[in-house]
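This report refers to the structure that appears directly beneath it.
Read the numbers this way: they start at 1 and go in the same order the structure lists the ligands and their atoms.
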Amino acid sequence: VSIAEARLPEELPVLRRMMEDYLAEFDPGEDAATLWDDEYYRACEAGVLAGTHSIAFAREGAEAIGFLITRVETMWYRQSSQIGHVEELYVKPKFRRRGTGRALVAWASERFRRRGIQTATASVLRENQAALGFWQQLGFEIKVHYLFKPI
Ligand SMILES: CC(C)(COP(=O)(O)OP(=O)(O)OC[C@H]1O[C@@H](n2cnc3c(N)ncnc32)[C@H](O)[C@@H]1OP(=O)(O)O)[C@@H](O)C(=O)NCCC(=O)NCCS
């Protein structure tokens, strides 16, 4: 498996297709075109241009078999302090449990470290226990309960 940054905008459709498969797997009732619409992908591209976001593909041969989107956030109370978020991570089902997810996260972590970032985060939907197991296996610990309420 090789990991490299996506070429934008040419490879946006490849990303979009995998995002749609990701959503279909977890929330078949949800419409990918509404959740991850053009605005979402424009924001990704703008973030990559601004240097806050990275989009990377894991490839086996020419086939993209997984991706990761990261975002670097500057702490609102301290400009010198940054945190690296893994916003999205996905490996195509038939390529799972072969170390690709781990390799994508290692790739992102190395890039975070090179920017002087010392902490990475990931968010997992409560019902996605498999992904929680994955992150914990990689050494991530639950530090915060993130609460939501429709108001
Ligand atoms: C989560 C995901 C990215 C993992 O990718 P992957 O390439 O299969 O992961 P790896 O092979 O690198 O797994 C590394 C370790 O994590 C753990 N792990 C991976 N998948 C797991 C699962 N389903 N259940 C429990 N532990 C798991 C294992 O310990 C694994 O090591 P092992 O195979 O040697 O036991 C992949 O399952 C996926 O795309 N899921 C759907 C999308 C998703 O949930 N994304 C994360 C949202 S936050």
Looking only at heavy atoms, is any part of A103 under 4.0 Å from ligand 1, and if so is it the side chain, the backbone, or both, or is it neither? neither

Tell me which part of E88 gets within contact of ligand 1: side chain, backbone, both or neither, using heavy atoms under 4.0 Å. neither

Considering the options L89, V1, V86, which one meets the side-chain contact (heavy atoms from CB on, under 4.5 Å) requirement together with L104?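 When side-chain contact (heavy atoms from CB on, under 4.5 Å) is applied between L104 and each of L89, V1, V86, only L89 qualifies.
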
Tell me, please: is A122 in heavy-atom contact with ligand 1, that is, under 4.0 Å?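 No, A122 has no heavy atom closer than 4.0 Å to ligand 1.
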
Decide whether the shortest distance between a heavy atom of P93 and an atom of ligand 1 is less than 4.0 Å.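 Per 4.0 Å heavy-atom rule, P93 does not contact ligand 1.
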
Within a distance under 4.0 Å of any heavy atom of [X], pick out the atoms of ligand 1 and give their elements.
X: G99; result: 10 (P), 11 (O), 12 (O)
X: T100; result: 7 (O), 12 (O)
X: S123; result: 48 (S)
X: A131; result: 44 (O), 46 (C)
X: W135; result: 48 (S)

Selection residues 99-143 - residue pairs positive for ring pair (Phe, Tyr, Trp, His ring centres under 6.0 Å), sequence neighbours left out: W135-F140

Test item: K143 side-chain N/O and T121 main-chain N/O as donor-acceptor pair under 3.5 Å: no

So, do Y90 and Y22 have ring centers that fall under 6.0 Å from each other? yes

Nitrogen or oxygen of L89 less than 3.5 angstrom from that of ligand 1: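 Yes, there is a polar N/O contact under 3.5 Å.
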
Quick one: does G101 get an N or O within less than 3.5 Å of an N or O on ligand 1?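 So ligand 1 has an N or O lying under 3.5 Å from an N or O of G101.
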
Any non-hydrogen protein atom less than 4.0 Å away from atom 2 (C) of ligand 1: no

What is the closest protein heavy atom to atom 37 (O) of ligand 1, and at what distance does it sit? R96 CD, 3.2 Å

